[in-house]
Enquirer: 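Structure provided below as structure tokens; questions to follow.
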There are 2 protein chains.
Amino acid sequence: MGELPGQPDPARRSRTPLSRQRVLSAAVALADEGGADALSMRKIAQRLGVVPMALYKHVANKDELLDGMIDTVVGEIDPPVEGADWRSTVRLRVLSARRMLLRHPWAPAVIETRMKERPAPTPAVMAYLEGMIGVFRAGGFSLDLVHHAMHVMGSRLMGFSQELFTDSPSSAAASSPPPEEMAARYPNIAELAGAVAHEAGSVVGGGCDDQFEFEFALDLTLDGLERLRNAAATAD
Amino acid sequence: MGELPGQPDPARRSRTPLSRQRVLSAAVALADEGGADALSMRKIAQRLGVVPMALYKHVANKDELLDGMIDTVVGEIDPPVEGADWRSTVRLRVLSARRMLLRHPWAPAVIETRMKERPAPTPAVMAYLEGMIGVFRAGGFSLDLVHHAMHVMGSRLMGFSQELFTDSPSSAAASSPPPEEMAARYPNIAELAGAVAHEAGSVVGGGCDDQFEFEFALDLTLDGLERLRNAAATAD
DNA sequence: ACCTGAACACCGTTCAAGT
DNA sequence: ACCTGAACACCGTTCAAGT
């Protein structure tokens, strides 16, 4: 009663100190409500009862904020269930990812953009991929087939995995943890990345041919549609 | 030689009068070079040697500019080839769409965003869908199966067709052409929309169950992966 | 009637001035 | 040493003042 609405509450502000997680949560909530366009550093700060500059202690800039938001929502995807066959495990997980995207309608476009202009996957994305690869491997898929499958699933749901294994000179490796540490934390990803890198032999930049992977997924889809059409025709 | 670079050239400016198409072309070129973030009304105007306000004679605002840009690049997708079977026709067309998206890396995220917050398809998008439906129909697909196929292909490549046929109260119908005119111009879309609308009977808002369509496409994909795995296993 | 410059309400981020 | 307000260089768009 004694408070004006919209006025920051100094008591609340100092009780819960600002943290990276609190900044990211406020940003996600803001984007959920008004879309990515409604998101601004100034509005996040206002919602937290804080001066805009205070945010920069916890996120370097807006790009890093967006990366953190992606990591937050990808972390909401359920981990693979234990003890089920590969097919229902993948199915459940993809449906969980879809529910996440329905909760956060701004996410696909932001993921799409960020992945394209800086293909450095965040920890939660790495964990997602690691788990998915593990499920396929446990289901008896060869490394080669898992590679195709990851491209198929990636384009099925998000921009994930599109450019993940580009061991190209410039980008990724620089800021990433050293290979040994990565191999320990993400063994399935490391194994797959190694196989893909060696696969194409001496071709420069070799490894993953995006055009081939795209056509592979497209043909798999066309196969499925053709089978459905033929089944419907013979059923008449 | 007598010109300072970056200085607008009054002769050039008046020789070719501004037009909606020239504005859109400049916007697309700017986005191709620097991404969607580098796109601003002010920079487009500068590139055209024109004062920013002059653009508003040809596009109502930035949202309408983005819609126009989408229409422009979707219009670059090759039309269906004549006389080939449905499968190679669809294949060629999707590969053409992919080449377009590689030329315009900003397009997927922009399409994703615009389709989500205003699902009013532009003419070129309508023409793309119309052609694709026609190919499936000519290939012997039932209306029901074409509906599924469009969802499968849509999520395969872009956000297209995701929410296209929502005949929901609020949005679309208002600014669209009257039904008869649309039926004349896009007969395949009209037929499919009609079938989908009546399909689910008396269910409110009925017609297209997005969750069902998503799972349909997912299961089609999982079928394909399972078949590949089994083929690889028996080949050993 | 048309066109356009200045102005408004924003934005992300820098930086110097305060404590 | 830390924090932060003012300031800078942008942005989309309105609107009144010019022709």
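Chain A is the first sequence line, chain B the second, and so forth, proteins listed ahead of strands; every chain is numbered from 1. All values below were derived from every heavy atom in this structure, side-chain atoms included, with hydrogens, water molecules and symmetry-related copies excluded.
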Enquirer: Given that both pair distances must be under 3.5 Å and the pair must be Watson-Crick or G-U, what runs of three or more consecutive pairs involve DNA chain D?
Expert: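 When the pairs of DNA chain D are grouped into runs of at least three, the stems are C:4-8 with D:12-16, C:12-16 with D:4-8.
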Enquirer: Can you measure A:Ile44 atom CD1 to C:dG12 atom C1' for me and round it to whole angstrom units?
Expert: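 After rounding, the reported distance stands at 11 Å.
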Enquirer: How about B:Leu65 and B:Val23: do any of their side-chain heavy atoms sit closer than 4.5 Å?
Expert: yes
Enquirer: Looking at residues at least two apart in the chain, or sitting in another chain, which of them share a side chain to side chain donor-acceptor pair (under 3.5 Å) with B:Asp67?
Expert: B:Arg114, B:Arg118
Enquirer: Would A:His104 and A:Glu76 count as having a side-chain donor-acceptor pair, cut-off 3.5 Å?
Expert: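 Judged by distance alone, the side chains do pair up.
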Enquirer: Quick one: does A:Leu39's side chain get under 4.5 Å of A:Lys43's, heavy atoms only?
Expert: no
Enquirer: Mind checking what makes side chain to side chain donor-acceptor pair (under 3.5 Å) contact with B:Ser25, not counting sequence neighbours?
Expert: none
Enquirer: Do A:Ile133 and A:Glu191 come close enough that some side-chain heavy atom pair is under 4.5 Å?
Expert: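 In short, these two side chains do not touch, never coming nearer than 4.5 Å.
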Enquirer: Parallel, tilted or perpendicular: which describes the rings of B:Phe216 and B:Phe212, with under 30° parallel and over 60° perpendicular?
Expert: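 The arrangement is tilted - the two ring planes meet at 30° to 60°.
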Enquirer: For B:Lys57 and C:dG5, what is the distance between atoms NZ and P respectively, to the nearest whole Å?
Expert: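 Between P of C:dG5 and NZ of B:Lys57: 14 Å.
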Enquirer: Would you give a per-nucleotide map of nucleotides 14-19 of chain D, 5' to 3', where B means the base has a protein non-hydrogen atom under 4.0 Å away, S means only the sugar-phosphate does, and - means neither?
Expert: B-----
Enquirer: Is the shortest side-chain heavy-atom distance between A:Met150 and A:Glu213 below 4.5 Å?
Expert: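 Not touching, per the 4.5 Å side-chain cut-off.
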Enquirer: Within this structure, what is the CG-to-C1' distance between A:Asn61 and C:dT13, rounded to whole angstrom?
Expert: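 To the nearest whole Å, that distance equals 9 Å.
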Enquirer: Return the polar atom pairs (N/O with N/O) between nucleotides 7-11 of chain D and the protein under 3.5 Å, or none.
Expert:
unit_1	atom_1	unit_2	atom_2	d
D:dC11	OP1	B:Ser40	OG	3.0

Enquirer: Indicate yes or no: at least one non-hydrogen side-chain atom of A:Trp106 is less than 4.5 angstrom from one of A:Met69.
Expert: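 Yes - at least one pair of side-chain heavy atoms lies under 4.5 Å apart.
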Enquirer: Have a look at B:Arg98 and tell me which of B:Leu101, B:Leu102, B:Val94 forms a side chain to side chain contact (heavy atoms under 4.5 Å, CB included) with it.
Expert: B:Leu102
Enquirer: Tell me the interatomic distance from A:Leu55, atom CG, to D:dT4, atom P, rounded to whole angstroms.
Expert: 11 Å
Enquirer: Taking D:dC8 as the reference, what is the distance to C:dG18 when you measure between their P atoms (whole Å, please)?
Expert: 16 Å
Enquirer: What residues form a side chain to side chain donor-acceptor pair (under 3.5 Å) with B:Ser19, not counting sequence neighbours?
Expert: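 For B:Ser19, no residue satisfies side chain to side chain donor-acceptor pair (under 3.5 Å) once neighbours in sequence are set aside.
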